[in-house]
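Sequence lines set the chain letters: A, B, ... in the order given, protein chains first and strands last, and positions in each chain run from 1. Computed from heavy atoms alone, side chains included, the values below leave out hydrogens, waters and symmetry copies.
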Amino acid sequence: MPDTLIPPKPITSALDSRFKPSLYARVGIPNSFSLESYQAGGGYQALRRAFAIGNDAVIDEMKKSGLRGRGGAGFPTGLKWSFMPLKDGKQHYVICNADESEPGSFKDRYLMTEDPHQMLEGMIIAGFAMRASMGYIYIRGEYVLAAERVWAAIHDARVAGLLGKNILGSGFDFDLQVHRGAGAYICGEETALMNSLEGLRANPRLKPPFPAQAGIYGLPTTINNVESFCAATQIIRYGWEWYSSMGTEKSKGNKLFQISGPVQRPGVFELPLGATFREMIFDFAGGPLEPIKAIIPGGSSTPMMPWTDTVLDAPMDYESITAQGSMLGTGGLILIPQNYCIVNATWNLVRFYAHESCGKCTPCREGIGGWMVKMYEKLVRGQGKPGDVELILDMSDNIGGKSFCALADACLGPVLSSIKLFRSEYDYLIANGKSQYGGSSRWAD
Amino acid sequence: MLYFTDKQTQLADIFSRYPHTEQGRRSALMPLLREVQNALGHVPEENIAEIAALIGSTATEVKSVMSFYSTYHTTPTGKWHLQVCATLSCAIAGSDELWDYLVDELGIGAGEVTPDGLFSIQKVECLGSCGTAPMIQVSDVGFSECITRRKMRTQLEQLRAGANYLPDTVVPVFIQDGQQLNALEQKIGGKYSELEPLKF
């Protein structure tokens with residue numbers, strides 16, 4: 001076979017000379033959030049290309065790119081877009097889920113504060129592809145600067161004719177509005193987000209009907225994460241071939257990975273899917289500052305993984321992390337140091353989920369919000385008794401898969417994995433009334 | 001005291017963001033609550049009734065929504081409402097000690113206001129700034145990130161002296177001049193403006 005027919009090796013490392021960051025490429029450039037700066041860097045070329053190739057071709061290209069939703073669930077974005085009814089004559093909505101509240105995740109905030117037009121462009125392209133005329137950006141209430149920058153970006157885009165009637169002379173009408181949340185993790189669940197936007201308590205809705213059939217105000221709606229919209233901009237700008245040249249067989253493209261915990265340089269890094277944990281933690285974050293015992297790979301709801309060579313050399317893509325017993329999630333790594341009590345760390349997350357449980361269904365409200373958090377409080381106070389861990393496992397068995405939405409299952413991620421990997425710490429704490437690890441004076445002067 | 005009586009333009013602007021239907025009107029609830037809270041520091045009973053009337057709902061329904069979220073207050077907060085993120089990444093970086101410091105230094109607990117009316121404190125869940133832990137949010141203004149004991153002390157002193165609060169705008173990514181840096185701070189990848197699709 002001639003050389004030219006051999007497909008090039010996919011890019012699975014950010015150190016590969018062929019890899020070029022695109023999503024965060026403009027973060028850190030002075031004034032990167034302004035329309036002038038964005039357009040000087042070639043901004044809104046993707047939108048022009050979308051108008052040139054037509055809406056069906058845009059959906060087709062999104063499907064071919066292999067992009068999977070970057071909000072955590074990993075559902076193929078192109079497929080999701082194709083679920084929207086095409087000729088029903090109703091108003092369609094596009095919603096951007098910017099309610100980033102999964103502990104360990106902080107990529108979307110900088111996308112919005114540093115490069116809001118990239119997200120807007122992706123949303124306009126999505127609106128064009130899905131025949132929508134209106135879009136909402138649901139930004140979590142605490143992101144003040146992000147909301148300001150996105151408002152300003154929308155204003156500038158309207159003035160420049162990039163939003164509103166007959167965008168760039170294409171005949172396509174589309175407008176955007178910002179809706180700010182008020183502090184509730186559950187609003188990241190798409191149907192809860194829609195309830196919140198409608199001015200209701202943010203309880204999740206029963207599916208089906210799915211949002212593409214009956215979403216906000218009962219009309220066809222598609223919700224994507226901020227990073228997914230930004231990726232759409234890049235895919236339409238550079239083509240699906242470029243995008244799918246990065247990543248592994250089933251996990252295409254690049255992704256923003258975040259890292260927090262005791263490392264030299266915590267932060268956000270853009271890597272192709274399939275890059276290893278080692279590359280992320282050592283080459284980019286500069287390595288740990290103290291011994292580490294566990295890695296949470298993709299935000300708080302993904303099960304903990306042990307600090308071993310097998311895990312460190314595992315590629316970060318949807319399939320490989322699942323094979324290791326965890327999930328890629330939002331790509332938010334949290335490193336837990338050796339001398340931080342794992343029961344305390346798990347209690348911290350259980351408390352988070354107990355606080356954020358919406359109270360709609362019994363397994364979550366009573367199971368997580370009541371029993372689970374009380375069991376952990378008892379353990380960390382040193383009042384645990386033999387048999388408590390078995391009780392937690394039994395409770396987990398009665399919660400898992402039985403709740404209305406994924407929140408209760410998300411809480412079981414850290415609970416079950418910490419017991420599986422660090423059972424001895426639980427036993428020590430129960431037997432001795434205190435942890436073998438101190439937890440104090442970590443705060444720097 | 002009614003809040004929106006003399007703010008008809010602002011009201012019209014908020015309602016214009018949503019469809020002109022009954023459902024659309026209700027969507028204005030959260031922006032209206034935020035307006036009142038930003039101005040008064042909390043949402044008093046009579047304004048809850050006012051907002052309910054504006055969106056065609058009842059005070060009970062409005063309270064039901066308010067109680068769902070963690071950032072609405074029905075009782076007064078301090079001029080500077082300090083919200084300490086207590087979730088895992090911040091906890092590992094010392095948010096428990098930061099909280100204890102604030103309790104000691106200000107002499108108040110959660111939900112209380114200092115006698116001078118300047119400060120109130122609240123423990124909140126993940127604020128999406130894990131890379132710059134520990135961190136706090138100050139009122140509805142912005143984030144203070146990478147907080148050390150010294151930084152917190154200085155900030156309290158400045159706010160006590162009447163200074164205005166300036167949030168941080170830290171960007172914790174190692175990208176310089178449009179390029180990612182590796183561990184050796186060597187530039188890798190290319191510039192955005194030079195980005196071209198790969199040829200096959």
Side-chain angles (χ1 to χ4, degrees), chain A residues 8 14-15 18-22 24-29 41-42 100-101 103-104 106 109-110 114 141-142 144-145 177 180 182-184 197-199 201-202 217 238-239 241-242 245 258 260-261 265-268 270 282-284 286 300 334 340 345 348-349 352 355-356 441-445, chain B residues 17 19 21 23-24 26-31 33-34 55 64-65 68-72 87-89 91-94 97-98 124-131 133-134 137 140-142 148-150 167 169 171-178 180 182-183 188-193 195 197-198 200:
Chain A
L15 301 168
R18 294 171 297 166
F19 179 74
K20 297 182 194 322
S22 53
Y24 256 38
R26 306 185 61 255
V27 171
I29 296 175
E100 178 173 61
S101 29
F106 46 100
R109 182 156 70 96
Y110 301 106
E114 308 304 312
E142 294 89 337
V144 182
L145 184 66
Q177 290 288 352
R180 294 181 62 189
L197 220 163
E198 289 186 18
R201 283 172 73 87
Y217 309 124
Y238 296 121
E241 295 94 338
W242 162 76
S245 71
Q258 308 113 94
S260 59
R265 286 191 292 249
V268 187
E270 185 172 344
F282 288 89
D283 292 338
F284 284 87
S300 62
I334 305 175
Y340 195 85
N348 188 295
L349 295 177
F352 170 82
H355 181 262
E356 301 298 343
S441 51
R442 288 170 186 285
W443 194 29
D445 273 327
Chain B
R17 298 174 200 169
T21 60
Q23 267 180 318
R26 198 181 161 123
S27 285
L29 173 54
M30 287 169 75
L33 285 170
R34 183 177 287 274
I55 62 163
S64 141
V65 171
F68 193 92
Y69 301 96
S70 60
T71 54
Y72 296 128
T87 315
L88 190 57
S89 298
I92 291 174
E97 290 88 348
L98 166 59
V124 296
E125 299 298 351
C126 189
L127 290 171
S129 194
C130 315
Q137 186 188 2
D140 194 29
V141 186
T148 59
R149 204 176 296 266
R150 188 171 301 148
T169 48
V171 181
V173 288
F174 290 83
I175 289 178
Q176 261 177 18
D177 198 19
Q180 272 191 122
N182 68 9
I188 56 165
K191 285 193 180 185
Y192 187 76
S193 51
L195 261 181
L198 293 171
F200 291 95

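No side-chain donor-acceptor contact under 3.5 Å links A:R201 to the backbone of B:V65. Distance alone, capped at 3.5 Å, is enough to place a donor-acceptor pair between the A:E270 side chain and the A:S22 backbone. Listed for the B:R17 side chain is no donor-acceptor partner under 3.5 Å among the backbone atoms of A:Q177. Not a single donor-acceptor pair under 3.5 Å links the side chain of A:R109 to the backbone N or O of B:S129.
Contact annotation for B:Q23: both backbone and side-chain heavy atoms come within less than 4.5 Å of a heavy atom of chain A. Proximity to chain A is absent for every atom of B:V124, based on heavy atoms less than 4.5 angstrom apart. Heavy-atom distances place no part of A:Q258 under 4.5 Å from chain B, backbone and side chain included. No part of B:A133 comes within reach of chain A, as not one of its non-hydrogen atoms sits under 4.5 angstrom from that chain. With a 4.5 angstrom heavy-atom cutoff, B:P19 touches chain A via backbone and side-chain atoms both. Interface residue A:I334: only side-chain heavy atoms are found under 4.5 Å from chain B.
Of the listed residues A:G183, A:A444, A:A182, A:A184, the one with more heavy-atom pairs under 4.5 angstrom with chain B than any other is A:A182. Of the listed residues (B:G94, B:G128, B:P31), the one with the most heavy-atom contacts under 4.5 Å to chain A is B:G128. Chain A forms the most heavy-atom pairs under 4.5 Å with one residue out of B:V141, B:T87, B:I55, and that residue is B:T87.
When the side-chain hydrogen bond (donor to acceptor under 3.5 Å, both in side chains) test is applied to A:E142, the partners found at least two apart in sequence or on another chain are A:R140.
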- Decide yes or no on side chain to side chain contact (heavy atoms under 4.5 Å, CB included) for B:M30 and B:Y72, but give the supporting numbers first. CA-CA 10 Å; B:M30 287 169 75; B:Y72 296 128; 3.4 Å; yes
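A:E198 and B:S27 are not linked by any side-chain donor-acceptor pair at a separation below 3.5 angstrom, with hydrogens and angles left out of the test.
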